Novice: 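The structure is given below, and queries will be raised subsequently.
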2 protein chains.
Amino acid sequence: MNGTELWGIDNLPYGVASTADGGAQVVTRLGDDVIELATLAKADSVRKWARIFDNSSLNPFLTQGRSSWSAAREWLQAILRDDERKGLVAAATKPLADVTLHLPVQIADYVDFYASEQHATNVGSIFRPDGAALTPNWKHLPIGYHGRSGTVVVSGTDVVRPVGQRKGKDDPEPLFGPSVRLDIEAEVGFIVGGETEVGTRVSVDEAGEHLFGVALFNDWSARDIQAWEYVPLGPFLGKSFASTLSPWITPMEALKAAKLPLPAQDPKPLDYLRGDDLFGLDLELEVRLNDTVVSRPPYKKMYWSPTQMLAHLTVNGASLRDGDLFASGTVSGDARDQRGSLLELAWSGKEPVRLDDGTERSFLEDGDIVTITATAPAPDGGRLALGEVSGRIIPSV
Amino acid sequence: MNGTELWGIDNLPYGVASTADGGAQVVTRLGDDVIELATLAKADSVRKWARIFDNSSLNPFLTQGRSSWSAAREWLQAILRDDERKGLVAAATKPLADVTLHLPVQIADYVDFYASEQHATNVGSIFRPDGAALTPNWKHLPIGYHGRSGTVVVSGTDVVRPVGQRKGKDDPEPLFGPSVRLDIEAEVGFIVGGETEVGTRVSVDEAGEHLFGVALFNDWSARDIQAWEYVPLGPFLGKSFASTLSPWITPMEALKAAKLPLPAQDPKPLDYLRGDDLFGLDLELEVRLNDTVVSRPPYKKMYWSPTQMLAHLTVNGASLRDGDLFASGTVSGDARDQRGSLLELAWSGKEPVRLDDGTERSFLEDGDIVTITATAPAPDGGRLALGEVSGRIIPSV
């Protein structure tokens, strides 16, 4: 499939881009071009969109809510189908190669979930070999924790290998230095719009009103730092050095055909995690390490619905802000080549992954480039692409 | 001591206030008055401060850095001592009772540490009675995790009792409902200014350049929700419903006389946690539950220096943003009446706390009001007050 099929009129993700001679504004992608939406809206005399899209983040758009998100997409699809307005579109179009893509959202709070049963089972087996792989709470609630929103970076940003403390079983004292178990986590992020008040909650069936869109996400993880620090308060420096977000946010409306039923949930979750709007997403991820595809994680196997994650996140009265990001946790399928982290792919170093250049990896080396891509069924048939998330490891400083 | 002594010219904390007929601006407190700093700077023809203080948060001031923070304080102290400018000050002064105090900082990322050895020992003994009280990492690194910055609220905000899942040892299935073990954590928060780049770190001796000031902090905690959710990824909904910050940020310069040596650190921490600028703070906290003083936690016993916490937070390359908040974790001293949480004061319900009205508490009841205050040695002798942090529990909705 070529770019035009994967990035067609039924895709239209949102991003933020600038050119050498112009400020940043909200853009969409069509084939291998971007369309500047503030420029287009101004030319089309739609003042509301001209104002909202003339910003260096999607946040002013996120705060508009579901009906405005739909209206903007309708306007955009209509103008792209309108022969009479072709000139306006052409004037707002630039080759993708000529623009710089920025972090599209000013991230408010970032929460990372742990919603793949296969991933949680694999990690539990590796980290806690003497206990049950899944903790007793796992099937009762979508486990999550807060990450560092200030270090969410856009795809293409180099990742400096983190430095920190680690202590293996046989080390008498903690060691200090660059992480020697630097890993990826192939995840799907969800961008939230529409503020709520502290002390209120969002039900499963209301969650869709706040789910703006989806973006691929790499939650880089230093396993050695994480293993030493995470008891009892959870991951901290093993994660907070960088998390990479795709520059393209795919609106939920573009993923209508990708929705499918959740896997069976047994035991049945508590009432607040039930509702009519429960779904999985048929996203097929692909993880490339340098030139080798090392994994193809299927999102459709994820245990918890995004609407359940959002309902859980707010059940205690926690408020939502425009630009909140929650991620699914590592996406891992049943097969070995469907695992979304090197920790699982190489089984904690016991079964290194062989790359096409003949080298092997248990964890990342300096210079390695990891790229995650994905496709989904498109509303009008065929498939659409999600924006890629890519990063290169550079040495510790 | 009266208000004038505790809130004198060597205190001068920063806050944000509005009046019924005026927008919010940065203010300071002198006795029982506030002084509007944008108004004052404008009258004194200091354009820089007029611009920076004419904002609804301290963030534009935080980004200026240490030398500007010092210069602003010098300007303010000079004008307050200058008989010729008395009229300007009077014109910018309003009774505290006539203004509304707001959350003074737009919080970027919020990290909570766990820096009291006595608190960690108490909690470990209660939650993990069969293991060592302190986890093996505790004396090697300041344990911390990210909290939810969007639910940091200003003192005086009612706290809705959170709802969620809990599961006691004897419950066959998780229960759902309002928390029945709602608690406080008396903490000290540190406000950060001066951005750093992702991939760089801040040493112990550089940390002071980024430490703007201190504020009392109550990290409300639902112990039952927390106990069921926190393995393996740490506290989440048991904390994220609300955390209350004082409206007054006390600048580090006002706390010069409060600095004292740290308790001995054994084992000696790794190099990156060493430096010349290590200190404790002689802050005497007081926790009131309704009309009863239930605890007087001494901050001076805290194990880790704020500069060590900041160096640890960034050692992996995590960047800082203006408005980052990190808190100390619960402040608990050696004595029973120095414990900073009800979990510890009532020893998980085994030794309820008796209030002056004859009732007892193991955890908070609806309608309870918790107020944390503190004093510290002032630079010119005597003591100064930190801004109080107060909140009332209202029933779940």
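This is a predicted model, so every value here is computed, not measured. Lettering follows sequence order; numbering is per chain, from 1.
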Novice: Among the options B:Leu233, B:Asp158, B:Val160, B:Val153, pick out the one with the most heavy-atom pairs lying under 4.5 Å from chain A.
Specialist: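 Answer, by heavy-atom pair count under 4.5 Å with chain A: B:Leu233.
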
Novice: With rounding to the nearest 0.5 Å, note down the distance linking CD in B:Glu229 to NE2 in A:His312.
Specialist: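 These two atoms lie 6.0 Å from each other.
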
Novice: Can you tell which part of A:Leu134 gets under 4.5 Å to a heavy atom of chain B, answering side chain, backbone, both or neither?
Specialist: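 Neither part.
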
Novice: Which heavy atom in A:Ile143 sits nearest to a heavy atom in B:Pro232, and how many Å separate them?
Specialist: CD1-CD, 4.0 Å

Novice: Might you confirm whether atom CD of A:Glu206 has over 12 heavy atoms from other residues, nucleotides or ligands at distances under 6.0 Å?
Specialist: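 Atom CD in A:Glu206 is packed in, count exceeds 12.
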
Novice: Among B:Trp138, B:Tyr272, B:Tyr114, single out the residue with the greatest number of heavy-atom pairs under 4.5 Å to chain A.
Specialist: B:Tyr272

Novice: For B:Arg274, does the CZ atom sit with more than 12 other heavy atoms under 6.0 Å from it, leaving out its own atoms?
Specialist: yes

Novice: Please check if the distance between the ring centroids of A:His146 and B:Tyr145 is under 6.0 Å.
Specialist: no

Novice: Is it the side chain or the backbone of B:Ser149 that comes within 4.5 Å of chain A heavy atoms, both, or neither?
Specialist: both

Novice: Using 0.5 Å steps for rounding, measure from the CH2 atom of A:Trp220 to the CG atom of B:Asn316.
Specialist: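 If we round to the nearest 0.5 Å, A:Trp220:CH2 and B:Asn316:CG are 15.0 Å apart.
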
Novice: Looking only at heavy atoms, which two atoms of B:His140 and A:Gln165 are closest? And how far apart?
Specialist: O-NE2, 2.7 Å

Novice: Out of A:Val315, A:Thr151, A:Val397, which one racks up the most heavy-atom pairs below 4.5 Å with chain B?
Specialist: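 Top count of heavy-atom pairs under 4.5 Å with chain B: A:Val315.
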
Novice: In terms of heavy-atom proximity below 4.5 Å to chain B, should A:Leu237 be classed as side chain, backbone, both, or neither?
Specialist: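 Answer is both: backbone and side chain atoms of A:Leu237 are under 4.5 Å from chain B.
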
Novice: Minimum heavy-atom separation for B:Leu270 to A:Pro174, with atom names?
Specialist: CD2-O, 4.1 Å

Novice: Counting only non-hydrogen atoms closer than 4.5 Å, does B:Arg201 touch chain A with its backbone (N, CA, C, O), its side chain (CB onward), both, or neither?
Specialist: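 Just the side chain, heavy atoms under 4.5 Å.
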
Novice: Take atom CD in B:Gln265; do more than 12 heavy atoms of anything else shown fall under 6.0 Å from it?
Specialist: yes

Novice: Check each atom of A:Val163 against the heavy atoms of chain B and say whether the ones under 4.5 Å are side chain, backbone, both or neither.
Specialist: both

Novice: Using heavy-atom distances under 4.5 Å, tell me whether A:Ile225 contacts chain B through its side chain, its backbone, both, or neither.
Specialist: neither

Novice: Between A:Asp324 and chain B, which part of the residue has a heavy atom less than 4.5 Å away: side chain, backbone, both or neither?
Specialist: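 The side chain, not the backbone.
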
Novice: Using non-hydrogen atoms and a 4.5 Å limit, figure out which bit of A:Ile394 sits close to chain B: side chain, backbone, both or neither.
Specialist: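 Looking at A:Ile394, nothing touches chain B.
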
Novice: If you count heavy-atom pairs under 4.5 Å between each of B:Phe176, B:Trp228, B:Tyr110, B:Tyr230 and chain A, which one has the most?
Specialist: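 So the answer, after comparing B:Phe176, B:Trp228, B:Tyr110, B:Tyr230, is B:Trp228.
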
Novice: Measuring heavy-atom distances to chain B, does A:Val111 have an atom under 4.5 Å in its side chain, in its backbone, in both, or in neither?
Specialist: side chain

Novice: Does any heavy atom of chain B fall under 4.5 Å from the side chain of A:Phe127, the backbone, both, or neither of them?
Specialist: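 Neither part; nothing is under 4.5 Å.
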
Novice: Side chain, backbone, both or neither: which part of B:Pro136 has an atom under 4.5 Å from a heavy atom of chain A?
Specialist: both

Novice: I'd like to know if the side chain of B:Asp109 and the backbone of A:Gly150 have a donor-acceptor N/O pair within less than 3.5 Å.
Specialist: yes

Novice: Where is the tightest heavy-atom contact between B:Arg148 and A:Ser319, given as atom of each residue plus distance?
Specialist: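 Looks like NH2-O, 2.9 Å.
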
Novice: Of the listed residues (B:Ala108, B:Gly147, B:Ala242), which shares the most heavy-atom pairs with chain A below a 4.5 Å separation?
Specialist: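 Looking at each of B:Ala108, B:Gly147, B:Ala242 in turn, B:Gly147 comes out on top.
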
Novice: What residue in B:Asp271, B:Val198, B:Thr135 has the most heavy-atom pairs under 4.5 Å with chain A?
Specialist: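 Looking at each option in turn, the highest pair count goes to B:Thr135.
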
Novice: Please identify, among A:Asp112, A:Leu320, A:Leu313, the residue contributing the most non-hydrogen atom pairs under 4.5 Å to chain B.
Specialist: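 Result: the option with the highest number of such pairs is A:Leu313.
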
Novice: Within the side chain of B:Asn137, is there an N or O that forms a donor-acceptor pair under 3.5 Å with the backbone of A:Val231?
Specialist: yes

